[in-house]
Amino acid sequence: MRAAFRVLTLALLSTLLACEKTPGGVHVVVDGPLTPGVDFDRLSVIASLPDGTPLAASTLEGAELRLPATFNFESGPATPEGTRVSVRATAERAGVIQSTASGEAALSAGSGARLSLTLRAIPEQPDAGPPVESCDNGVDDDGDGLGDCADPDCVGASCQPGGLVCANSVCACPGGITGVISERPGFARRSDPLVVAPSTGPLAGALVMVGGRDDSGKPVSTVEIFFPANGRFLESDLTVPRAEASALVLEDGQVVVLGGVREEDAFESSGEWLDADGGTTRIPFTPPLGLRGSLAGRLEAEGVIAGGTISMGVTRPATDTALRMTLRGEDAGSWELLGRLSLRCPAGGAVLGDAFVLAGSCASVPSSERTDVVAPPGLLGAGPLLPTSLTSPAVVELKSGRALILGGREAGIVPSSRAFLLERNAGVVRVRELTSMDVPRGAPRAVRAVNGWVYVEDREGAAAAWFDPASERFTPAASLSTPRRGHALVGGVDGRIYVVGGSRPDAGSDGLSWFIEPRCP
């Protein structure tokens, strides 16, 4: 049987057919305790100079694969007799190296030098025994259908930093309530500010607080950027005071503020891009567009805006409209209408994989079981129906590319304790009902923490809760001792949940902020 050689970068050697005698060169025999076709499916032999310069190569596979295998290399004008040649044999399986052998020989006259290379046996992989549940990684490690604390193997095991352990199928503090709350004064007095926490870019790790209303109800222009890690604080102003605007954090950390209303609740037809020093750049919407209380999310490199009140020129403001807006380049601020939603006024929205999902009805319209999905590159379609119609549920993105819908009012009347999971696979969105919350929450708000948990509060007074996506269960969370209104919730990159702005029900705004750490007291 003949083995053909392929000359590499420098054609310095002539290669003879396998098993033929050469007047001057080296005769290579490769052998070893390996079974061709089982332990390896490809055998390669490479000849090179000792400095690594490649000379020639040969490969056996398929019907030619065998051990022992012989290869001959012949001297030539550029590689005279006496030249030392390094030869390396490699056995591979499915492109992965299983065993190698190498050696050197000098090209010799006559029948040539002989070089024997022995491939080592492939070591057996140690038996690690059956897989063991990790309890803190959000994965069903042992394949029994139960992940983390839901697996009985994890009872009593540590499941999150800060003293949390697995008990009763959930990850929680031994005392029953998880979370430690601290207060920090010194922020601007305002209600309903926009607050985001970029994880990348020059503002990574900061709390970015924008706009809102003062105690008299007027829109404010204040921009505050606070870095909790080092206490650094920047303050500036938007070019236009804004309330009820929308905000987006782009993939590179750029913060964009969109629309809102000015004094006397006039629509502001522009956006502002926040600079690293706290300054802003104003971008007009083209054509003019008014946005008030709209939901905003990313759709690939662009933005999707839906619900709220959207005013397009002379047409009557709509609450059931979806738009796609360009956020970069020369066309930044331009937009196109995607169409009408099946929801008359969506209560919440969240990123769902590569799409954006809307669910629940706002309080001003009848409740609905409908969902809407905006998918790349801007396709608007109806999603799955929820098992019940809901008004004002919380809708939040989960870390695994899913979305959580919880609480609100069923049929617009009864406070709900139900929760649902939306999942998108191969372009299809499905809904699944989860174990209910401990108590109904008729006016919930929810935000995701860095560890993937979701912090849930209720504006009607129900105690706060954590949702653990690994066990898909709710556990009690620390709540503010004094109820507040008009505040914002955001998950910081440091793992904390921040409560920003607002006031007590019996007083004006006070410039306080709280942070909630998911650890045991």
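When reading the values below, keep in mind they use all heavy atoms of this one structure, side chains included, and skip hydrogens, waters and symmetry mates. Numbers for residues simply follow the sequence, beginning at 1. What you see is a predicted model, and the numbers here were worked out from it, not measured in a lab.
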| Checking side chain to side chain contact (heavy atoms under 4.5 Å, CB included) against C159, which of S471, C149, C154 comes through? |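 Only one option passes, and that is C149.
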| message | So, applying side chain to side chain contact (heavy atoms under 4.5 Å, CB included) with T319, which one of I310, L343, L341, T309 is it? | response |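 Filter result, single survivor: T309.
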Would you check if there is a donor-acceptor pair between the side chains of [Y] and [X] at a distance under 3.5 Å?
X	Y	value
R409	S389	no
R190	S509	no
R370	S368	no
T239	E272	yes
D372	S342	yes

| task | Taking all non-hydrogen atoms of both residues into account, name the closest pair between A355 and A375 and its distance. | result |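 For A355 and A375, the tightest heavy-atom pair comes out as CB-CA, 4.0 Å.
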| field | Contact summary for V500 and S513, nearest pair of heavy atoms | value |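 That closest heavy-atom pairing would be CG2-OG, 3.9 Å.
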| request: Could you check R473 against D148 for salt bridge (charged side-chain N to carboxylate O under 4.0 Å, His left out), going step by step and ending with a plain yes or no? | output: CA-CA 12 Å; R473 298 281 294 275; D148 289 3; over 6 Å; no
| task | With sequence neighbours left out, write down each residue that passes salt bridge (charged side-chain N to carboxylate O under 4.0 Å, His left out) with E264, or none if nothing qualifies. | result |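 Once residues adjacent in sequence are excluded, E264 has no partner under the salt bridge (charged side-chain N to carboxylate O under 4.0 Å, His left out) criterion.
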| request: Hey, can you tell me if Y455 and W466 have their rings parallel, tilted or perpendicular (30° and 60° cut-offs)? | output: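 The arrangement is perpendicular - the two ring planes meet at more than 60°.
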| task | Would you please classify the geometry between the F226 ring and the F187 ring as parallel, tilted or perpendicular, with 30° and 60° separating the classes? | result |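 If you compare the ring of F187 with that of F226, the planes turn out perpendicular.
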